[in-house]
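One structure is given below, encoded as structure tokens.
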Amino acid sequence: MVNASVLLFSLLSTAGSVQDPTRPLAGGPQPVTEADKPASNNSSVPVVQAIFAGGSTPGAIIDGQWVTLGKAVGNYRLLAITKEQVTLENQGKRLILNLFSTFNDTDTP
């Protein structure tokens with residue numbers, strides 16, 4: 001029993017010198033630069049992150065915002081939702097956003 005106590009004590013005494021693997025690296029946080037900031041919604045195309053086409057209230061998460069049919073996101077209004085894409089409109093111009101990028105067989109060697 002004495003050997004187990006000595007082993008436990010020696011492990012506990014060295015535990016303070018072991019660095020926590022979840023602790024951030026030395027140097028602290030770095031300042032955020034303009035290149036790190038997301039583009040303004042007014043000048044960029046919205047991004048669709050999720051589509052909920054089923055159910056009684058279809059909607060989508062666009063630019064981090066829950067949007068339902070007829071509602072606005074940025075300068076656009078949500079016109080239509082399918083399970084793979086959303087259709088937005090801004091000043092009579094329609095914009096179709098796909099949830100996933102399309103695959104083209106000619107892209108592969």
Side-chain angles (χ1 to χ4, degrees):
M1 188 66 165
V2 173
N3 289 340
S5 299
V6 171
L7 179 62
L8 179 61
F9 179 72
S10 65
L11 286 173
L12 291 176
S13 66
T14 61
S17 64
V18 177
Q19 182 178 352
D20 179 5
T22 62
R23 193 177 99 202
L25 297 175
Q30 299 297 319
V32 176
T33 64
E34 289 299 317
D36 295 331
K37 293 180 182 177
S40 169
N41 251 359
N42 295 337
S43 64
S44 65
V45 174
V47 176
V48 59
Q49 287 109 0
I51 295 175
F52 302 90
S56 61
T57 308
I61 298 177
I62 303 172
D63 287 344
Q65 176 184 348
W66 171 252
V67 185
T68 56
L69 289 173
K71 301 296 181 186
V73 57
N75 295 329
Y76 294 89
R77 184 160 309 282
L78 182 60
L79 291 181
I81 300 174
T82 68
K83 60 184 177 179
E84 296 175 357
Q85 66 185 19
V86 297
T87 304
L88 303 174
E89 183 180 44
N90 178 15
Q91 298 178 353
K93 295 180 182 176
R94 290 191 178 192
L95 176 64
I96 297 175
L97 301 176
N98 292 314
L99 181 58
F100 301 107
S101 61
T102 58
F103 177 74
N104 186 344
D105 288 340
T106 60
D107 291 342
T108 58

*Do Ile62 and Leu88 touch side chain to side chain, with heavy atoms closer than 4.5 Å?*
yes

*Does CD belonging to Glu84 count more than 12 external heavy atoms closer than 6.0 Å?*
no

_Side chain to side chain, Val73 and Leu78, heavy atoms closer than 4.5 Å_ = no

*Answer yes if Leu79 and Val45 sit in the same cluster of Ile, Leu, Val, Met, Phe, Trp and Tyr residues linked by side chain heavy atoms under 4.5 Å apart, and no otherwise.*
no

*Ile81, Leu69, Val67, Leu99 screened by side chain to side chain contact (heavy atoms under 4.5 Å, CB included) with Val86, the one that passes*: Ile81

_Minimum heavy-atom distance between Gly64 and Gln49, given as atom pair plus value_ = N-OE1, 2.9 Å

*asked:* Just so I know, are the side chains of Asn90 and Leu95 near enough to count as touching, which here means a heavy-atom distance under 4.5 Å?
replied: no

_For Trp66, the rest of its hydrophobic cluster, which grows through side-chain links under 4.5 angstrom_ = Phe52, Ile61

_Non-hydrogen atoms of Arg94 and Thr87 that approach each other most closely_ = CD-CG2, 4.3 Å

*Which atoms form the tightest heavy-atom contact between Ser56 and Pro58, and what is the distance?*
O-CD, 3.6 Å

